[in-house]
Protein chains: 2
Amino acid sequence: MSTPSKIGSPKKISESTIHRLSLYYRALSLLEKENYDTVSSKQLAKIERLTPAQVRKDLSFFGSFGTRGLGYPVNELKQKIATILGIDRQWRVALIGIGNIGSALVSYKEFARQGFQIVKLFDNDQRKIGSNHKGIIVSDIKNLEQELSEASIEMVVLTTPPTVAQYLVDDIVNSGVKAILNFAPINLKVPEHIYLRNENMAMELEYLSFALTNNAPPRRQPSY
Amino acid sequence: MSTPSKIGSPKKISESTIHRLSLYYRALSLLEKENYDTVSSKQLAKIERLTPAQVRKDLSFFGSFGTRGLGYPVNELKQKIATILGIDRQWRVALIGIGNIGSALVSYKEFARQGFQIVKLFDNDQRKIGSNHKGIIVSDIKNLEQELSEASIEMVVLTTPPTVAQYLVDDIVNSGVKAILNFAPINLKVPEHIYLRNENMAMELEYLSFALTNNAPPRRQPSY
DNA sequence: AACTTTATGTGAAATGCTTCACAAATCGAG
DNA sequence: CTCGATTTGTGAAGCATTTCACATAAAGTT
């Protein structure tokens with residue numbers, strides 16, 4: 001009915017809803033490749049193991065994208081979600097810490113696919129500085145602030161050891177970067193206006209360990 | 001007061017509570033290293049950016065571990081949480097798909113540190129089969145079911161391309177593996193009795209993209 | 001030993017998120 | 001053009017999680 005005039009959502013949208021938008025986007029990409037024109041909330045829900053009501057409610061926060069009796073137009077909805085998530089553009093990303101995880105992420109296809117373009121690499125190890133990863137030369141972390149700022153980096157992925165991570169925050173923040181994805185298992189202290197998300201790959205294994213150990217209730221949908 | 005007789009918890013514990021246990025465990029490890037004897041819910045909350053009430057409520061699901069007026073005993077609480085999470089033991093883990101992410105995870109220290117021991121590697125690429133990663137020889141995926149079962153693997157980490165992942169599920173399940181951590185961006189279909197968790201590293205970047213694009217409300221604590 | 005301070009453990013209130021259920025809208029068939 | 005089938009969009013109900021607030025208890029102090 002009444003479309004919120006701006007897609008940039010005045011109401012508070014839950015974190016789970018945003019995560020599910022990622023899932024819808026993924027599902028729609030799949031459907032698009034299989035030449036579907038429309039999709040119902042029921043189908044979409046099935047693909048991502050959610051409920052139809054959940055799908056409709058999530059989408060309704062951002063507008064009325066469907067047609068009653070028919071469903072949602074695959075192409076158009078995919079594009080709309082891309083706009084909402086802000087992945088209808090390229091983001092300039094720097095990766096700091098070229099260890100195991102770091103080097104893996106340089107070649108991680110899902111990043112590139114959603115518009116996250118890794119354009120700078122940093123490390124503090126002389127043996128790594130100057131080396132070439134997928135066409136990008138590793139810079140010395142000494143010049144972090146200046147190089148981030150000169151390269152107009154908008155987001156940073158932190159894959160350093162936990163002891164190092166906190167020291168880098170000031171330089172990162174001063175460079176003008178507004179968002180940090182932190183892989184170090186530590187709770188970084190950052191200023192209020194910086195967006196920070198943490199990724200801890202051991203945590204999901206720990207959840208599985210808990211489930212196996214305690215015979216947790218059979219199944220539930222993923223957390224989002 | 002009344003300690004639930006079994007730590008394996010009869011009540012339903014939320015997913016978020018489990019994730020936060022991982023955080024408490026991490027914080028306690030830190031405090032232990034710094035020779036703290038006791039810690040209050042307030043301190044613990046501060047370290048992981050949660051609220052004291054949250055900490056106390058979470059812990060109270062599993063028993064009464066603290067002393068009024070004093071706080072919680074660091075060592076003992078750490079050990080208790082390890083038992084609850086089932087990480088007070090070694091888990092035998094296999095990793096399938098020796099690409100970028102896969103090879104990085106072989107050396108990922110956080111896994112080893114929490115008792116997740118990667119003891120088998122698999123791939124379908126002849127160039128990788130037989131090669132040595134951190135002392136483990138990569139096996140052919142052809143013999144997946146048998147080798148998983150012979151090695152008494154309890155958990156599997158899936159880092160194959162999405163197109164391959166679903167095909168492997170039958171072999172994995174038939175081998176007796178009960179838990180899967182899936183990195184492929186696809187919703188795997190697995191039998192009811194199998195525990196499945198998904199890890200999608202692009203999703204948190206997408207969240208940051210959303211936040212930057214929509215000037216999402218300044219900050220909130222991590223989802224768990 | 002009494003008093004003050006600190007901090008847990010937990011019902012109850014408040015808040016937040018998901019599911020329900022149905023009116024409204026569109027489609028397709030006849 | 002009407003009717004039956006389908007499916008959205010959304011208030012309201014139902015659940016779940018978080019926060020509040022306080023009784024209770026231990027520790028330290030004088």
Legend entry - Phosphate contact (D:dA26 OP1 or OP2) by B:Y72 side-chain N/O below 4.0 Å: no
Side-chain donor-acceptor pairs of residues 94-101 of chain B under 3.5 Å, sequence neighbours excluded:
| from | atom 1 | to | atom 2 | distance (Å) |
| --- | --- | --- | --- | --- |
| B:N100 | ND2 | A:S107 | O | 3.4 |

Inset, instruction - Specify the separation, in whole Å, of atom CZ of A:R49 and atom P of C:dT19. - result: 14 Å
Inset, instruction - Check side chain to side chain contact (heavy atoms under 4.5 Å, CB included) between A:Q79 and all other residues, then give those that pass, not counting sequence neighbours. - result: A:A82, A:T83, A:D88
Legend entry - Proximal nucleotide (of C:dT8, C:dT18, D:dC20) relative to the B:A53 side chain: D:dC20
Can you list, pair by pair, the side-chain donor-acceptor contacts under 3.5 Å of residues 172-185 of chain A, counting residues two or more places apart and other chains?
| from | atom 1 | to | atom 2 | distance (Å) |
| --- | --- | --- | --- | --- |
| A:N174 | ND2 | A:D170 | O | 3.1 |
| A:S175 | OG | A:I172 | O | 2.7 |
| A:S175 | OG | A:V177 | N | 3.4 |
| A:K178 | NZ | A:G176 | O | 3.3 |
| A:N182 | OD1 | A:A184 | N | 2.9 |
| A:N182 | ND2 | A:A184 | O | 3.0 |
| A:N182 | ND2 | A:I186 | O | 3.2 |
| A:N182 | ND2 | A:N198 | OD1 | 2.9 |

Legend entry - Interatomic distance where CD belongs to A:E15 and P belongs to C:dT15 [whole Å]: 20 Å
Inset, instruction - Between D:dT10, C:dT10, D:dA26, spot the one nearest the side chain of B:T67, thanks. - result: D:dA26
Enumerate all atom pairs, one protein N or O and one N or O from nucleotides 28-30 of chain C, separated by less than 3.5 Å.
none

Inset, instruction - Specify the separation, in whole Å, of atom CZ of B:F65 and atom P of C:dG9. - result: 9 Å
Inset, instruction - Any chance you could measure B:L44, atom CG, to B:L77, atom CG, to the nearest 0.5 Å? - result: 7.0 Å
Legend entry - Of all pairs that satisfy salt bridge (charged side-chain N to carboxylate O under 4.0 Å, His left out), the ones with a partner from residues 100-113 of chain A, not counting sequence neighbours: A:E110-A:R113
Inset, instruction - Could you identify which residues of residues 28-46 of chain B place a heavy atom less than 4.0 Å from some atom of DNA chain C, listed by residue number, or say none? - result: B:S40, B:S41
Inset, instruction - Return the set of residues passing side chain to side chain contact (heavy atoms under 4.5 Å, CB included) with B:S41 (not counting sequence neighbours), or none when no residue passes. - result: B:P52, B:V55, B:R56, B:Y72
Inset, instruction - Check whether any side-chain nitrogen or oxygen of A:T51 sits under 4.0 Å from OP1 or OP2 of C:dT19, and answer yes or no. - result: yes
Inset, instruction - Let me know the distance between CG of A:D58 and P of D:dG9, rounded to the nearest Å. - result: 12 Å
Inset, instruction - Please state whether the rings of B:Y108 and B:F111 are parallel, tilted or perpendicular, taking 30° and 60° as the class boundaries. - result: perpendicular
Inset, instruction - Go through the structure and list residues passing salt bridge (charged side-chain N to carboxylate O under 4.0 Å, His left out) with B:E145, not counting sequence neighbours. - result: none
Inset, instruction - Could you work out which one of C:dT19, D:dT18, C:dT8 sits closest to the side chain of B:Q54? - result: D:dT18
Legend entry - Plane angle bin for A:W91 and A:F116 - parallel if under 30°, tilted between 30 and 60°, otherwise perpendicular: parallel
Legend entry - Gap between atoms CZ and C1', on B:F61 and C:dG9 respectively (whole Å): 12 Å
Inset, instruction - Return the value, rounded to whole Å, for the distance between atom NZ of A:K12 and atom C1' of C:dT15. - result: 9 Å
Legend entry - Under the salt bridge (charged side-chain N to carboxylate O under 4.0 Å, His left out) test, residues paired with A:R92 that sit two or more places apart: none
Inset, instruction - List in chain and number order the residues that pass salt bridge (charged side-chain N to carboxylate O under 4.0 Å, His left out) with A:K120, two or more places apart in sequence or in another chain; answer none if no residue qualifies. - result: A:E147
Inset, instruction - Establish whether the base of D:dT7 is bridged to the side chain of A:R68 by a donor-acceptor pair shorter than 3.5 Å. - result: no
Legend entry - Net bend of the helix from C:dA1-D:dT30 to C:dG30-D:dC1, end axes of five pairs each, nearest 10 degrees: 10°
Inset, instruction - In whole angstrom, give the distance that lies between atom CD1 of A:I13 and atom C1' of C:dC17. - result: 12 Å
Legend entry - Candidates C:dT10, D:dA12, D:dT17 - which lies nearest the side chain of A:K57: D:dA12
Inset, instruction - Specify the separation, in whole Å, of atom CZ of A:R56 and atom P of C:dA23. - result: 15 Å
May I have the list of side-chain donor-acceptor pairs in residues 27-38 of chain A shorter than 3.5 Å, sequence neighbours left out?
| from | atom 1 | to | atom 2 | distance (Å) |
| --- | --- | --- | --- | --- |
| A:S29 | OG | A:Y25 | O | 2.8 |
| A:E32 | OE1 | A:K78 | NZ | 2.8 |
| A:E32 | OE2 | A:N75 | ND2 | 3.4 |

